[in-house]
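To start, the structure under review is shown below, and the notes come after it.
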Number of protein chains: 4
Amino acid sequence: MAFFPEVAGRVVYEGPSSRNPFAFKRYDASKVVAGKTMAEHLRFAVCYWHTFRGTGVDPFGAGTMDRPWRSAQETMDAAFEFFSKLGVGFWCFHDYDIAPEQSSFSESCKQLEEMVAYAKRKQSETGVKLLWGTANLFSNPRYQAGAATNPDPHVFAYAAAQVRHALDATHELGGGGYVFWGGREGYDTLWNTDMQREREQFAKFLWMAVEYAHKSGFKGQFYIEPKPKEPTTHQYDSEAAACLNFLREFGLMDHLKLNLETNHATLAGHSMRHELQVARLAGALGSIDANRGDELIGWDTDQFPTNLYLTTEIMLEVLAMGGFTTGGLNFDAKVRRQSHETSDLFHAHIGGMDAFALGLEVAAAMHEDGRIQQMLNERYAQRVEFKTLEECEAYVQQHGEPTRRSGRQEQLENIVNEVLLSL
Amino acid sequence: MAFFPEVAGRVVYEGPSSRNPFAFKRYDASKVVAGKTMAEHLRFAVCYWHTFRGTGVDPFGAGTMDRPWRSAQETMDAAFEFFSKLGVGFWCFHDYDIAPEQSSFSESCKQLEEMVAYAKRKQSETGVKLLWGTANLFSNPRYQAGAATNPDPHVFAYAAAQVRHALDATHELGGGGYVFWGGREGYDTLWNTDMQREREQFAKFLWMAVEYAHKSGFKGQFYIEPKPKEPTTHQYDSEAAACLNFLREFGLMDHLKLNLETNHATLAGHSMRHELQVARLAGALGSIDANRGDELIGWDTDQFPTNLYLTTEIMLEVLAMGGFTTGGLNFDAKVRRQSHETSDLFHAHIGGMDAFALGLEVAAAMHEDGRIQQMLNERYAQRVEFKTLEECEAYVQQHGEPTRRSGRQEQLENIVNEVLLSL
Amino acid sequence: MAFFPEVAGRVVYEGPSSRNPFAFKRYDASKVVAGKTMAEHLRFAVCYWHTFRGTGVDPFGAGTMDRPWRSAQETMDAAFEFFSKLGVGFWCFHDYDIAPEQSSFSESCKQLEEMVAYAKRKQSETGVKLLWGTANLFSNPRYQAGAATNPDPHVFAYAAAQVRHALDATHELGGGGYVFWGGREGYDTLWNTDMQREREQFAKFLWMAVEYAHKSGFKGQFYIEPKPKEPTTHQYDSEAAACLNFLREFGLMDHLKLNLETNHATLAGHSMRHELQVARLAGALGSIDANRGDELIGWDTDQFPTNLYLTTEIMLEVLAMGGFTTGGLNFDAKVRRQSHETSDLFHAHIGGMDAFALGLEVAAAMHEDGRIQQMLNERYAQRVEFKTLEECEAYVQQHGEPTRRSGRQEQLENIVNEVLLSL
Amino acid sequence: MAFFPEVAGRVVYEGPSSRNPFAFKRYDASKVVAGKTMAEHLRFAVCYWHTFRGTGVDPFGAGTMDRPWRSAQETMDAAFEFFSKLGVGFWCFHDYDIAPEQSSFSESCKQLEEMVAYAKRKQSETGVKLLWGTANLFSNPRYQAGAATNPDPHVFAYAAAQVRHALDATHELGGGGYVFWGGREGYDTLWNTDMQREREQFAKFLWMAVEYAHKSGFKGQFYIEPKPKEPTTHQYDSEAAACLNFLREFGLMDHLKLNLETNHATLAGHSMRHELQVARLAGALGSIDANRGDELIGWDTDQFPTNLYLTTEIMLEVLAMGGFTTGGLNFDAKVRRQSHETSDLFHAHIGGMDAFALGLEVAAAMHEDGRIQQMLNERYAQRVEFKTLEECEAYVQQHGEPTRRSGRQEQLENIVNEVLLSL
């Protein structure tokens, strides 16, 4: 059965002048840019939760999405049909996305195993790979006060047991990584919270996962995903720097990298480029949740990324780290509540992929152009060689007042537009 | 004397492939787009305050700008040299920008008259026109508790007297309009404020200006300029809708339009397009302060507008109202504090002008393309003809549940990128 | 059956030193303050939606609330038991709160009628009155693109039909008012929106309701309730001033007042006191949704109001307008998702009622104290008597520079604390 | 000469019922609370910059403050007169606050030495001590692109030389600490920034200061002060966790603690209590800049702290760390621009001191009351003893679903009000 009749075969590249809404205008998978194909650079993944399980519910209204699939198997059939038609190389999931939670833990595990077996077959049939897996440790009421950070060890145990199976599932499916997003790992109010205790529990939890992976032979990369708030008032993994502080404090820097999301960055008051750069410079940039927020709105809108400045800046950072290794660009984005038809899923992903393809080309063209890099090189041409305050003072006594140089921000911004429009 | 040696003659259009930082890549003044030249559409103005009187002071540091002009006359010479070299048609000023305040009101007036006479000569020599004038009713300590809204009638009188002369100056220079920006017309705390009294005073003040213009023969358009806060905690003209409410309440709708600024819109939590549209639909869109803010920052950064999505959206609204009449695009923007050289003023304005030229072309291309308009036409094809609740109920009883239609936001956003990249 | 066994009889006033969590420490219903009893001043209402139908669902998790009631009748039994035990005088509801929507419009109407009859009996048994009613025009998918502002007249008709019955229900129950909260009356993106058309439809819709009330004999007060965004990107009734602008534009000022909510005010970037004052000064302050937000969070948290500065400022405005007429303090607030027990509903409401009782006493004590009012009187002692700009200038020429006066904000803030702590 | 004639002798404690605006109502220096006097607990400091050098300049207006002192010596006379009359134990300064920068580095150093000698005499005469000193590395245009993080080593050297002398000055005056606030240590745009290089330079700079202190015998505590932005777009020391990450990365955790400011916390999107707790739990809570922001405003308003919830939460954290050692409560706050009289400085500081005295008493009363602590103890009664994921799973298999407990946020908030109002 075809769940997506609006696209008969596969979404193809038709070039910038095409007016076919179901064709790529910029994303040409096999086109070589900066030494690799677009597909190799971009490593697009579709997320299971928003795209196949999302209903369009919001805090003031019921679900709106018209989705012809019902059972877990049908859902997976739809998913792999979509992956294939769209031509992405990867997917991502939470345990209970693919295998809805059952009435007991054992039954949930059994259901998960069955769906993993089914997914494995689908992967093999389509060639689509698992970018990363994860466990949903935030939806069930038992996690209302946190999972790893819950004051009740019983809940901690439940979350840990769930992670064990989600890790096994990820392993079985050859996943390149495993993500920890701590949606409930924070607090609603400090009046009822022992922050130290909760952070220690969280570190213990991560260490257990690291050790389990070692024993079980899972070689994928672990990631934590920063978000400052929502659903809680404060989440401990609030932003890149706070995550790095946590990893350093608990000796976890060698074991986890970051999975960064644009909308989470802006909710934390940072540009996505800032967050990417903070992670990259610490050797901790792992993977990217490719979406965007609305900076005039204070919650997670998870919109599809179509802003070309954003995709350019992201791809500059990806190129700067030498490209993804285990990570990729996962569309952790959802169609608007009014975009309730399955065709909207194509519009959304096609737009995102085209925007990233263009962003990649602009980033590569900036390297080619070289003006911005040259201006940086000139600005940072000299290094600080002084060793002591006294040495510094001696230098000042001798040389007096330094000469100022313009930061040239406006000129740089003009160059960005020039290069962007050259493509 | 040439204050801007970095540009010998005039900034010229060299096209997209030029790498000359002192040339236009997109703004070709005489190019015809949608029936008019770019110059006619865009009506660029340079602001006197930031560009010629701005020092680079910020709340934590002294001025940084290297500006070779000193006296009021030199400053004006520099200004008109810059206007001419840049090739803009308009300028804007506050009274004390061109004629610094003196030790008494009479002397300030005299100084203003002299500088107006000088400006008049400069205008005539260069052909540059005055888009609008205004009075600085916020810098002097006497206005610490407001100008028109000051609890002390003496201060009200001072502000009114100043406006009289600023209006005369604008009139004398053939200004197309006169702006009221109420930087201190608000409150720092409600604990010491009588809001009703202050709003009534403000209305009285505007009425006096309207009546004075009638008597004096000034035919220019009056504008008020919304801004929600900064320097005060709350400014009465907080946003477009609040301004319209005020104008309606005090019978001023026929006498004032709005001068809208991007950074003020976003500080109020609105997109610039929203504010433009609110004003336009009320017949009150007058002129535009063309800048941009940083949406992750909570104060007025007054950056130069280089974001092509922004310039496109602004030009769509300008086209939708049939183009400017008295208004224009005034660069109420300042170079960054590190961009302290005069050449940065060129980079900044050239980038802004190119961005608006491109925005105009994209807006025109969208009309040409027609897809977005067609989708809107389809969405709003039917009109509500019901007259009563009972009639509505009868219809529902007969026809049952309505059919939903996708809002197609993602597809629309894709089309925006497609058109933008087609240029 | 008792749904709230944790409170055997009624919550009583035990005074400030009580440690009984189920007793009032500040709210003494019959205590006279400023000429009226606390109950008369405060007119507390409990909202049906959050308190009896709220599940604790959030965007990342399922419902958590332990609620022993199941059917519509049981829910209403629980509600009136709670109202009575708490000792509030009023309640508020949406049509589908009390009578869940059925599979056809007719059946929904029938269900509503039955539940209204049941509620009427309950009201009569308990003496609890209806503060206001409303219709839920935002949860059903049919309203995904708006109700009154939907591009499809069929949806408009559906919403209108629903309002007719909600109005009848409110009328039948003797409701003091009827609220329009336009949760979907806005846009997600301007790219697919005809704002003018939508605003006109909205005005038409309100006029139909006004006319229907006239015909049907409903004498209650109509209110609109501002909120800037959430669930949409922009709601037309964004804040008090924008609502007033709308009402003035469409001639509705005599027919609607505002129902203001603290969390909506702060989402719009305003203090609650600002919004209350804007409405009050326009003669349009009707009723209050008593909650609070978290100003560091960008969505509607709808927390219970316990901040004593907030309750003081609200009660100052209520006293300044001479007290409520049809309106009151409706707790449009929800217990936190972790507060899943029915006892938490008591903690929440008791805390809110005590906070408002204290706020009332502080507000009254400020009047008694008189210092703040005296400082205001001195500040605004003189009125502007000038008629023209010329007259103003003549005054300035004669009197020169005005004398500045301190705004005394710090001293005023100290007085606030002194009065607050005196109680 | 007396610069503050409005207070003849000393501000004294007159108790809650006093209406003397120049008396304390809550702060009774020698009153013993929780085992120490209020003066010992609170360690109030007055800051030199805002209070004696602040002019009331804002981005849109000139200075307004009436300050009768002129020369550096007069300013210091005024300062110590104020400290003494107010009865605070400490002060804080930047090098160029007390000794305005001269035309050469040598002359600036000489001027600083003279003023330090003068201050030393004043300290000895009055008994007022130096809480901490610092250098102004942000106001001079040479620092437009940063001080320690400036791309130009010459500027780095200048800043280092300045720090050397500021450290010597602090040492000479017996200062308890030395603060690094990196107002320009960040970026305006990533387009012209090498973040890694700049962060490394910053670490090198701090290490030089640490080593210099070791050599010179300065035993005071070093602090860094987080702030996310303003004046720059992003400051590297953006918040507590980001600072800790930086200190850990560069091995500086043993050498620096944090100086936390309320308004900086809220600009970073955190509550002050959050920031304090993050620092305290890392053993890095050093000192506090006691002010408050306006959470609806996006810049640093540096208002005086009068919110009793805020002062209570701060004092809870101070008590939780066992009280200050080298640190204290420095009023890094400024009177509003309209509060231009010297008497407003008294109102402001008296209000802040009273608010903290009350906050201390509330915090102590909460310990006494014990309810909140008991609820926390119950919530965290059990510890996680599991060692592996497998062990966790075994537990879940055996025990099934955990039991949820209410978080009781509403009840806790009620208790806060009850205790606050008991004083």
Side-chain angles (χ1 to χ4, degrees), chain A residues 105 141-142 144-145 151-158 160-161 163-164 188-192 194-197 201 204 208-209 211-212 228 234 241-242 244-245 248-249 268-269 273-274 277 281 372 375-376 379-380 382-384 386 388-389 392-393 395-397 399 401-402 404 407-409 412, chain D residues 105 141-142 144-145 151-158 160-161 163-164 188-192 194-197 201 204 208-209 211-212 228 234 241-242 244-245 248-249 268-269 273-274 277 281 372 375-376 379-380 382-384 386 388-389 392-393 395-397 399 401-402 404 407-409 412:
Chain A
F105 184 71
R142 87 174 66 87
Q144 67 181 27
D152 182 356
H154 193 153
V155 179
F156 177 101
Y158 211 107
V163 165
R164 182 195 183 173
D188 287 334
T189 177
L190 283 170
W191 290 112
N192 70 11
D194 180 337
M195 199 199 288
Q196 184 63 5
R197 165 76 171 273
Q201 276 187 205
K204 186 172 201 171
M208 282 186 189
E211 283 158 7
Y212 181 79
H234 176 85
L244 294 174
N245 178 51
R248 290 186 208 279
E249 182 177 353
R273 190 177 190 186
H274 172 85
Q277 207 163 113
L281 296 175
I372 293 175
M375 286 168 81
L376 269 170
R379 186 167 159 98
Y380 292 92
Q382 290 180 276
R383 297 207 148 264
V384 172
F386 308 109
T388 63
L389 298 187
C392 288
E393 178 169 3
Y395 185 88
V396 170
Q397 293 290 8
H399 294 86
E401 196 63 34
R404 293 180 293 133
R408 290 280 185 266
Q409 182 168 337
L412 286 157
Chain D
F105 183 70
R142 89 174 64 87
Q144 68 181 26
D152 182 354
H154 192 154
V155 179
F156 177 101
Y158 211 108
V163 165
R164 182 194 185 175
D188 286 334
T189 177
L190 282 170
W191 289 114
N192 70 11
D194 180 337
M195 200 199 288
Q196 186 62 5
R197 164 79 170 271
Q201 277 187 205
K204 184 171 202 172
M208 282 187 190
E211 284 158 7
Y212 181 80
H234 176 84
L244 294 174
N245 178 51
R248 289 185 208 280
E249 181 177 354
R273 191 178 189 185
H274 172 85
Q277 207 163 114
L281 296 175
I372 293 176
M375 287 168 80
L376 270 169
R379 186 167 159 99
Y380 291 92
Q382 290 181 278
R383 298 206 147 263
V384 172
F386 308 110
T388 64
L389 297 187
C392 288
E393 178 168 5
Y395 186 88
V396 170
Q397 293 290 6
H399 295 87
E401 196 63 36
R404 293 179 293 132
R408 290 280 186 267
Q409 182 169 338
L412 286 157

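In what follows, chains carry the letters A, B, and so on, assigned in the order in which the sequence lines appear, proteins first and then strands, with residues in each chain numbered from 1.
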For residues Asp152(A) and Pro402(D), report the shortest heavy-atom separation together with the two atoms involved.
OD2-CB, 4.1 Å
Side-chain contact, heavy-atom cut-off 4.5 Å: Arg383(D) with Gln201(A)?
no
Identify which of Phe105(A), Phe156(A), Tyr212(A), Tyr380(A) forms the greatest number of heavy-atom pairs closer than 4.5 Å to chain D.
Tyr380(A)
Drop me the distance from Gln409(A)'s CD to Trp191(D)'s CH2, to the nearest 0.5 angstrom.
11.0 Å
List the steps and the verdict of side-chain hydrogen bond (donor to acceptor under 3.5 Å, both in side chains) for Arg408(A) and Asn192(D).
CA-CA 8 Å; Arg408(A) 290 280 185 266; Asn192(D) 70 11; over 6 Å; no
Need one label for Tyr395(D): side chain, backbone, both or neither, based on atoms under 4.5 Å from any heavy atom in chain A.
side chain
Between the CZ atom in Arg273(D) and the NE2 atom in His234(A), the distance rounded to the nearest 0.5 Å is 13.5 Å
Heavy atoms only, distances under 4.5 angstrom: which of Ala241(D), Pro141(D), Pro153(D) has the most pairs with chain A? Name it, please.
Pro153(D)
Pick one of side chain, backbone, both or neither for Leu281(D), based on which atoms fall under 4.5 Å of a heavy atom in chain A.
both
Rounded to the nearest 0.5 Å, how far does CE of Met208(A) lie from CG of Leu389(D)?
6.5 Å
Would you mind telling me which of Ile372(A), Leu376(A), Val384(A) has the largest number of heavy-atom pairs within less than 4.5 Å of chain D?
Val384(A)
Rounded to the nearest 0.5 Å, the CD atom of Gln382(D) sits from the NE2 atom of His154(A) at a distance of 10.0 Å
Under a 4.5 Å cutoff for heavy-atom pairs, which residue among Pro151(D), Ala161(D), Pro228(D) has the most contacts with chain A?
Pro151(D)
Chain A contact via Leu244(D) - which portion, at a heavy-atom distance below 4.5 Å
both
Could I get the full list of side-chain hydrogen bond (donor to acceptor under 3.5 Å, both in side chains) partners for Gln144(A), not counting sequence neighbours?
His340(C), Arg404(D)
Indicate the atoms forming the closest heavy-atom contact of Arg379(D) with Ala145(A), along with that distance.
NH2-CB, 3.9 Å
Top contributor to chain A interface from Arg197(D), Gln397(D), Glu249(D) [non-hydrogen pairs under 4.5 Å]:
Arg197(D)
Using a cut-off of under 4.5 Å on heavy-atom pairs, state which of Glu211(A), Met375(A), His399(A) scores highest against chain D.
His399(A)
For residues Tyr158(D) and Glu401(A), determine if any side-chain heavy atom of one lies less than 4.5 Å from a side-chain heavy atom of the other.
yes
Rounded to the nearest 0.5 Å, what's the gap from NZ on Lys204(A) to CZ on Phe386(D)? Could you check?
9.0 Å
Rounded to the nearest 0.5 Å, what separates atom OG1 in Thr388(D) from atom CZ in Arg164(A)?
8.0 Å
Chi angles and distances behind the side chain to side chain contact (heavy atoms under 4.5 Å, CB included) call for Gln277(D), Leu190(A):
CA-CA 9 Å; Gln277(D) 207 163 114; Leu190(A) 283 170; 3.6 Å; yes
